[in-house]
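The sequence lines fix the lettering, A, B, ..., with proteins before strands; numbering per chain opens at 1.
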Amino acid sequence: MRFGAVEAVGGISLTAAAGRATALLGRNGAGKSTTMRVLAGVVPATSGEVRVGGLDVRRERLAVQRLVGYCPDVGGLVPRATPWEHLQLAARLRRLGPGWEDRARDLLERFELGGVAHRVTSGFSHGMGRRLSVVLAAVHEPPVLLLDEPFDGVDPIGVEATFDVVADARARGACVLVSTHLRELAVEVCTEVAVLRAGAQVATLPAARMLGEDGAREYRSLLD
Amino acid sequence: MSTAASWTDTARREARSSLVDVGHLVRFRVGTLPRRTLRGGLVGVLALTAGSATVPAWVPGAGDPDGRASDLLLLLGTGLTSFLLLGVLAAATGGGGRELIARDHAAAYPVGPTTDHLGALLLAPLTIAWLLQAWLLLGATAYALGPRPLLVSAQVVVVLWLLAATAVAQLVGWTLEALRRGPYGVPLVRGLGLAVVLAVTGLVVTDRLLPLLDASPTTVVVIGLASTPGVRWALTVAGLLLALLVAVALGAVPAHLAARRLPVDEARAETGTHRARPAPRSDLAALVRLDRASVWRAVPTRRGVLVLAGGPGLVAVLGDLPWESVTVLPGLVASGAALLFGVNAWCLDERGALWRESLPVDPGTVFTARALVLAELLLVGSLATVALAATRAGVPTPGEAAAVVATLAVVLVQVVGASMRWSAAHPYPADLRSARATPAPPLAMVGYSARLALATTLTGVLFSLLARLPGWHVPLLVAVPMLCWSAARLVRQHRAWADPLVRARVVGAVAG
């Protein structure tokens, strides 16, 4: 993936399986968010092959976007719209049938956003915005869930709710990809870990290998 | 004896430190601009300023004491007053003027209200409305006085008036903003606005507006600039310099007061709740609904539309504009409305652009929704202006009515097409929460407004000429090819939006 003269991501060969949660770990600028944007169909890959749910993202972008639930790394919210208006737009464009409203309300409550469902999001704190972004990514129960920095600035209740969303997704057989620089949270919620450095994939390991002090040492050695 | 610093020392120290800060911020802003654009823009503005201040003096009839030049000299005082009044209106609408650095970015740095005030003052001339009026006044002065050796001394007075009036307008703008943020501020400022409108309407109805304008103190300035350098000229220059310095210094006072108070309108917009509406029936309806919310809930857009819908219409009523001149207004209003967000239309989503781009929807529908919402905004402003103008212009002839309809349709498609083209070509991240925000950097805004004003004014003038012809069908026939041309460009832009590379570039830019 190139932006002009800069190669943001290159040399990633990653397969994320259904029913599993894979973490993308790496320092700032490692290429995690760019990879997630490519997978979500937001940014087209300049070279290589990207398949989501077996579909080529470049050729079948709309079909891929129907499969994916994406929580972007920055903001991800239209500032002068309310959470409910975001959900209504997503429901309409994703052709959600009857029952989506109950699911949406339930998710809002789990993320403690039920009380602000009709308030414009521009006044939301960073953590509230992150939590709503996870709700928007998960409301349609997508087969592929892409969460980019979902724990950034989020309080413990929000983190737990996100864990639940990931667990639910795995339980129904969805493929989950979590991009974060928070190793401890990543290993808690994911089964596998892919470490990126300077736009390239340097390792893919079972999440258990990244646990504790030993895991921290191994992670550091992969980053340097 | 007290050893504490006196308030004058403190004020002097703060003024000095604020001036230094403004220098840093200007260098920071300039550093983000491409050198060629900056150089080209500056050379263009300076060349046009020098040209407008000198060239009209050599036009036949310039300086003629018995001709049009003499009439123009008599009208110059009214022109100077109008410049001041429009400046006040702009500063009041803009909540104290534009920001040298966006509020969120400035939050991490010790940027004080005095720096903010001086920065807003520095940016005030960087609008096409300010520049056009300045060029008009300089040009009118040159034509009125003719090619005499001391034209320079007259233009010095005009330039000083432009600067002093801008500083006074800024002072009034900050004062109104401080009032607006105070207890019962919003109804108070709205009440003041209404009182001014009623007072001016009363003056028009009783035919006392023109005598009042003739008696305005700007006549003294005109006498000063028209006189040869001597005591009167020196007194005029000194008076204007003093007014400039005092207004700049005093402006910091309400700026500090406003900074200590919560921006009520913006706070209300950020915490506003909106009850759920039934689910939209189509993708387009869903997208339009969200886009419409983004436009009409933004404080700068709401205030801007209100001024644009009322201001030019009121001028038409006060000036008793005939229908053939009314054709110029829709273009000006549509241009102004496009500058509220249209020239960078995708910035409405801000950081939500990434999420929106991940939704499964045809990009063409997204483009159509955004263009429709923009067209709606332009139409509301333009129709309100024409409706206001109609109250004084009477019943139009079929030809005049056709010309107005044709102008409305042509400028609408022209402006929407140009805006959507620029939005895709030059996207900027913009935070439209602040009443002082603009969708693009100041120099870019000058470029956009100049191009929009030129295109729409030429269109308006063309239909104004056609309105004088017998038969209502001529304006409509002329409008058809113009509409086809503009519509074809809009369709081309619609197709270009299907390119994921174009969208990725825009989304990446506006999401910051």
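Counting non-hydrogen atoms of other residues, nucleotides and ligands closer than 6.0 Å to CZ of A:Arg27 gives a total of 12 or fewer. Annotation: B:Arg495, atom CZ; neighbour count of heavy atoms from other residues, nucleotides and ligands within 6.0 Å does not exceed 12.
Between B:Asp283 and A:Arg95 a salt bridge is recorded (basic side-chain N to carboxylate O distance below 4.0 Å).
Heavy-atom distances place both the backbone and the side chain of B:Val361 under 4.5 Å from chain A. For A:Leu77, the part lying near chain B is the backbone, with the side chain staying farther off; criterion is any non-hydrogen pair under 4.5 Å. A:Val42 touches chain B through backbone and side chain together, each having a heavy atom under 4.5 Å away. Using a 4.5 Å cut-off between heavy atoms, B:Arg503 contacts chain A through its side chain alone, with no backbone atom that close. At a 4.5 Å heavy-atom cutoff, the contact between B:Arg356 and chain A is made by side-chain atoms alone. Interface remark: B:Ala267 contributes no atoms to any contact with chain A (heavy atom separation under 4.5 Å). Only the side chain of B:Leu290 comes within contact range of chain A, with heavy atoms under 4.5 Å apart.
Taking the six-membered ring wherever Trp is involved, the centroid distance between the rings of A:Trp84 and A:Trp100 falls below 6.0 Å.
The residue among B:Ser294, B:Ala279, B:Pro363 with the most heavy atom pairs within less than 4.5 Å of chain A is B:Ser294. Per-residue counts of heavy-atom pairs under 4.5 Å with chain B were compared for A:Ser122, A:Ala91, A:Gly123; the largest is that of A:Ser122. Highest contact tally toward chain B, considering only A:Arg94, A:Arg92, A:Arg61, is held by A:Arg92 [criterion: heavy-atom pairs under 4.5 Å]. The residue among B:Ala511, B:Pro500, B:Ala293 with the most heavy atom pairs within less than 4.5 Å of chain A is B:Pro500. Contacts with chain B were tallied for A:Val120, A:Leu62, A:Leu146; A:Val120 has the most, counting heavy-atom pairs under 4.5 Å.
Of the possible donor and acceptor atoms, one in the side chain of A:Thr82 sits under 3.5 Å from a partner among the backbone N and O of A:Glu85.
Ring geometry for A:His86 against B:Trp355 counts as tilted: the plane angle lies between 30° and 60°, on a 0 to 90° scale.
We find the NZ-CD distance between A:Lys32 and A:Glu149 to be 5.5 Å, quoted to the nearest 0.5 Å. Taking CG of B:Leu340 as the start and CZ of B:Arg302 as the end, the distance is 12.5 Å to the nearest 0.5 Å.
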